[in-house]
Amino acid sequence: MEPKGSVTSPRDIPIPRWSLSSSSGLHYGSFVNSLSSLTPQAGEKASISPRRAYIAVAVLCYINLLNYMERYTIAGVLLNIQKFFDINDSIAALLQTAFICSFLLLAPLFGYLGDRYNRKYIMIGGLCVWLVTLFWLLMLLRALVGVGEASYSTIAPTIIGDLFVGTQRSAMICVFYIFIPVGSGLGYITGAGIATVTGDWRWALRVTPIMGLVGLFLLVFLCPNPPRGAAETHGEGVTEQSSYLEDIKYLLKNKSYVLSTLGVTATAFLVGALGFWTPNFLSRAQVFQGLQLPCKTEPCNPTDSYIFGAVTVVTGILGGCLGTGLSRWFRNKVPNADPLICAVGLLGSAPCLFIALFVASANIPTTYVFIFIGEVLISLNWAVMADILLYVVVPTRRSTAEALQISVCHLLGDAGSPYLVGVISDAIRRSKPTTHSWDFDSLKYSLLLCPFVGIVGGVFFLLTAFYIAEDRKAALPLVEGTCSLDLLVTQRQNWPRLDKDSIVFVS
């Protein structure tokens, strides 16, 4: 009779001995690697009440709102900045590129720290850097603000992932990521509004630091640092000892993670370019149609920033809720529903954006209609993309996974997309004598890059759909610290050659 707690193969297949309390000799990234290190440690059980968890999400959402308000305030007053400094499109885009570059360079560091040290203190430190530097030189400001946002954007989603699980996690992640487009839209509105009221675009950059001080206070006193994996282990948490190189190897073997990261990168490229240039493009379109005079002195007409900001807020809320609702509805029926939703969002947005670019020369209201539809479809992805990462990666590697994804999506996405569009626009404009009509056409032709990238991103999410169910199934036992014999036998063909006799599961 088999001892209690042990399992042997139903066939005479040599399966190595494995104990949850023993060290592993398995190749890193194999299915059952690190089960011992994922076992909850005695005395680590943490009690975080539902009320405190919801308060923590509210605090994180507030700071996320500020992050994206600050990020897109520049876009709301871009015409004013271009007139003040007398700079062309490509140079203006460097303001956003400087911010994103510091963001992506520091994200891996904060991901490494976030998987190993107190995440709350790391976010507090990053937020302090953001607040202290916000009143200094504009270019340096944009780079240093990325320090704070890199720490926060890398770590905050993992804390939410450790406070909630299942449909509750999806709902909380949805709320958190809705504040990306909401904050972006409010950035356009507050930036343009304050510049108009004060007559000085610099004051648009002095609002978020004041609000940020409130966020810092709330973060210090109201946000917990839950044990990693607390939601899946009923508050006990999981621990793991591994090197950063091992973490990277593990992630690179996760097909769903790699492919979805490429899809997220395409989304970041698309959103970064459109978010930075659309108000400027719409303003040039109205000059092209003779609906308004070109801006010669600041402050410039803020109408397009107001309208585009409002559209971004509404479409972000609508698309985020719709995407999460579709995910929750189809997930149990269609195992690969999440990447399919993201694929539909990006592929569907491409023709809408293409039409919007060419309709702008004839009819502004129609242009806004297609921008609205396109942004709703893109916003389907925000929460769903984040949820994919959380359930295909084990808790102890989520911060590293977030950091690596952020670095890649910014490096190949929105770090360069505003600048690339600006460079293409300047190159096209120099091919003919400069007129207001040609200014509009040159930016329009450069923005055609966005629908194409949207299609590429949709293809990456379609490829993710082929692997998502398998990768999620593989991560689940590692999260829970348990696995069945059938699942182990199924996965056995993916294991390396092992030299033990059996696997023993300790009850």
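Just so you know, these numbers come straight off a predicted model, no measurement behind them. Just so you know, residue 1 is the first one in the sequence shown, and it goes up from there. Computed over heavy atoms, backbone and side chain alike; hydrogens, waters and symmetry mates excluded.
- Checked against salt bridge (charged side-chain N to carboxylate O under 4.0 Å, His left out), Asp387 has the following partners two or more places apart in sequence or in another chain: Arg331.
- With sequence neighbours excluded, no residue satisfies ring pair (Phe, Tyr, Trp, His ring centres under 6.0 Å) with Phe466.
- Residues passing the side chain to side chain contact (heavy atoms under 4.5 Å, CB included) test with Cys409, sequence neighbours excluded: Val264, Thr265, Ala268.
- Every residue was checked against the side-chain hydrogen bond (donor to acceptor under 3.5 Å, both in side chains) condition with Ser379, not counting sequence neighbours, and none meets it.
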Acceptor/donor pairs from residues 308-322 side chains to any protein atom, 3.5 angstrom cut, sequence neighbours excluded:
unit_1	atom_1	unit_2	atom_2	d
Thr312	OG1	Phe308	O	2.8
Thr315	OG1	Val311	O	2.7
Thr315	OG1	Thr312	O	3.2
Thr315	OG1	Glu375	OE1	2.9

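- Phe330 pairs by the side chain to side chain contact (heavy atoms under 4.5 Å, CB included) definition with Leu326, Val334, Ala337, not counting sequence neighbours.
- For Ala350, the side chain to side chain contact (heavy atoms under 4.5 Å, CB included) partners two or more places apart in sequence, or in a different chain, are Pro451, Ile455.
- Within the structure, every pair that satisfies the salt bridge (Lys or Arg N to Asp or Glu O under 4.0 Å) test and touches residues 441-458, not counting sequence neighbours, is listed here: Asp441-Lys444.
- Listed by chain and number, the residues in a side-chain hydrogen bond (donor to acceptor under 3.5 Å, both in side chains) with Asp471 are Ser256 (sequence neighbours excluded).
- For residues 339-379, the pairs satisfying ring pair (Phe, Tyr, Trp, His ring centres under 6.0 Å) are Phe354-Phe358, with sequence neighbours left out.
- Every side chain to side chain contact (heavy atoms under 4.5 Å, CB included) that Ala360 has, sequence neighbours left out, goes to Phe281, Ala285, Thr367, Phe440.
- Remark: Thr366 engages Asn363 in a side-chain hydrogen bond (donor to acceptor under 3.5 Å, both in side chains) (not counting sequence neighbours).
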